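Worksheet: the structure to be examined is printed underneath.
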Amino acid sequence: WEQELLDEKVAMAALIELLFRLPADNRTVSFGDIAARTRRSVDAVETLVMRLFSLELAKGVIDDVSQTVSIAWLAPRVLDMAQIQSLDEQLLAWTGGVDTALALVEAETPELFAA
């Protein structure tokens with residue numbers, strides 16, 4: 001009983017780490033990737049993800065037909081230095097994308113930005 005609970009916690013921690021490392025704008029992952037990362041069978045992935053949702057550690061959608069999970073939100077947590085560095089890189093990439101989109105809008109619609 002306790003071993004099963006511990007195994008579930010380790011699997012959920014591995015799943016959260018996998019999801020955290022995905023770009024925030026594309027957190028869709030296959031059952032196969034989750035199974036490989038959590039060392040569970042593909043058949044056990046849906047139950048694991050539903051447990052993650054029920055504990056409100058993440059919010060998202062399970063697509064059983066395409067065997068994917070799309071995550072919209074992850075619960076905040078304490079980060080180590082490597083995770084902070086990863087988050088910094090993700091934020092820099094996001095701000096770069098925003099700057100590019102802004103430059104494109106300004107170039108295509110200068111009348112909106114005339115002073």
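Keep in mind that this is a model prediction, so the values were computed, not measured. Reckoned from all heavy atoms, side chains included, excluding hydrogens, waters and symmetry mates.
Inter-residue side-chain proximity for E8 and R40 is flagged as met; some heavy-atom pair is nearer than 4.5 Å. Residues L48 and M12 are in side-chain contact: their nearest non-hydrogen atoms beyond the backbone lie under 4.5 Å apart. The shortest side-chain heavy-atom distance between L57 and L74 does not fall under the 4.5 Å cut-off. With a 4.5 Å cut-off on side-chain heavy atoms, E46 and Q67 do not count as touching. Within the 4.5 Å cutoff, the side chain of Q90 has no heavy atoms near those of the P23 side chain. In this structure, D88 and Q85 have side chains that are in contact, with non-hydrogen atoms separated by less than 4.5 Å. Looking at V69 and F53, their side chains come closer than 4.5 Å, going by heavy atoms from C-beta outward.
Although no hydrogens or angles enter the test, the distance criterion places a donor-acceptor pair under 3.5 Å between the side chain of T109 and the main chain of V105. Between the side chain of T95 and the backbone N or O of L92 there is at least one donor-acceptor pair closer than 3.5 Å.
Of all non-hydrogen atoms in E56 and W73, the two that sit nearest each other are O-CZ3, 3.5 Å. G32 and V42 get closest at one heavy-atom pair: CA-CG2, 4.4 Å. T28 approaches S70 most closely through the heavy-atom pair OG1-OG, 3.0 Å. Scanning all heavy atoms of the two residues, the minimum distance from S66 to T68 falls at OG-OG1, 3.0 Å.
Here CD1 of I71 is found 9.0 Å from CG of L22. Values are rounded to the nearest 0.5 Å. The structure places CG of L19 at 9.5 Å from CZ of R37, a figure rounded to the nearest 0.5 Å.
Criterion: ILVMFWY side-chain heavy atoms under 4.5 Å apart, direct or through other members. Under it, L55 and V49 are part of a common hydrophobic cluster. F20 and I84 end up in the same hydrophobic cluster when Ile, Leu, Val, Met, Phe, Trp and Tyr side chains are linked at under 4.5 Å. With hydrophobic clusters built from ILVMFWY side chains whose heavy atoms lie under 4.5 angstrom apart, V61 does not share a cluster with F31. Side-chain heavy atoms closer than 4.5 Å link hydrophobic residues (I, L, V, M, F, W, Y) into clusters, and following such links, even through other members, never connects L104 to V98. A single hydrophobic cluster is seen to contain both M50 and I16, as judged by linkage of ILVMFWY side chains at heavy-atom distances under 4.5 Å, directly or through other members.
Heavy-atom contacts from other residues, nucleotides or ligands closer than 6.0 Å to CD of E111 number more than 12. Under a cut-off of 6.0 angstrom, the local environment of CZ in R39 is sparse, with at most 12 non-hydrogen atoms contributed by other residues, nucleotides or ligands.
Side-chain contact of Q3 with D7: a donor-acceptor pair under 3.5 Å is present, judged by distance alone.
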